[in-house]
Amino acid sequence: MEVLLFRALKSANIDDDTAAKVVEALEEHIDMVVGQANKALEAKLDGMKSNMDSMKMSIEAVNKGVDVVGKGVDQMRVWMIIITSIIAIIAVLGGAATAIAPYMK
């Protein structure tokens with residue numbers, strides 16, 4: 001682009017120094033505008049990264065909660081097995097006592 005602009009200025013009878021200064025000023029302006037646009041985009045990206053980090057932390061917290069609930073469920077299963085076993089033993093003993101009771105008299 002710079003070469004085309006320089007040639008256009010030369011064809012308009014602008015001397016070399018002035019044409020070079022115009023091209024340099026335009027380059028600086030473009031760099032500044034692009035830099036400002038990039039800063040805005042970088043700020044948006046930083047905001048999105050922050051949001052993603054927050055979401056990641058939330059998901060990790062939920063996973064820890066699920067793990068705690070899973071451990072609680074596992075403990076409940078153990079207690080259910082124990083209680084069911086005790087009830088079964090009592091039922092067997094009760095049945096045996098009922099069967100033996102008539103002979104005890």
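Keep in mind the model is a prediction, meaning the values are calculated, not measured. What you see below is based on every heavy atom in this structure, not just the backbone, and it leaves out hydrogens, waters and symmetry mates.
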Side-chain (S11) to main-chain (A8) donor-acceptor, under 3.5 angstrom:
yes

Out of curiosity, M52 CE to L45 CG, how far, rounded to the nearest 0.5 Å?
10.5 Å

Quick one: CE on M55 to CD on E60, what's the gap to the nearest 0.5 Å?
12.5 Å

Supply the members, apart from [X], of the Ile/Leu/Val/Met/Phe/Trp/Tyr cluster built from side-chain contacts under 4.5 Å; use none for a lone residue.
X	result
V69	V73
I83	I87
I90	V78, W79, I82, I86

Could you see if I30 belongs to whatever hydrophobic cluster contains L41? Use Ile, Leu, Val, Met, Phe, Trp, Tyr and a side-chain cutoff under 4.5 Å.
no

Check this for me: M32, atom CE, are more than 12 non-hydrogen atoms of other residues, nucleotides or ligands nearer than 6.0 Å?
yes

Among residues two or more places apart or on two chains, list those pairs meeting salt bridge (Lys or Arg N to Asp or Glu O under 4.0 Å) that have a residue in residues 34-59.
K49-D53

How close do T84 and M80 get, counting heavy atoms only, and between which atoms?
OG1-O, 2.6 Å

For D15, the side chain to side chain donor-acceptor pair (under 3.5 Å) test, sequence neighbours excluded, returns T18

Report the residues that fulfil side chain to side chain donor-acceptor pair (under 3.5 Å) with N51, sequence neighbours left out, ordered by chain and then residue number.
none

Quick one, D74 with K71, criterion salt bridge (Lys or Arg N to Asp or Glu O under 4.0 Å). Give me CA distance, side-chain angles, the key distance, then yes/no.
CA-CA 5 Å; D74 290 342; K71 289 177 183 176; over 6 Å; no

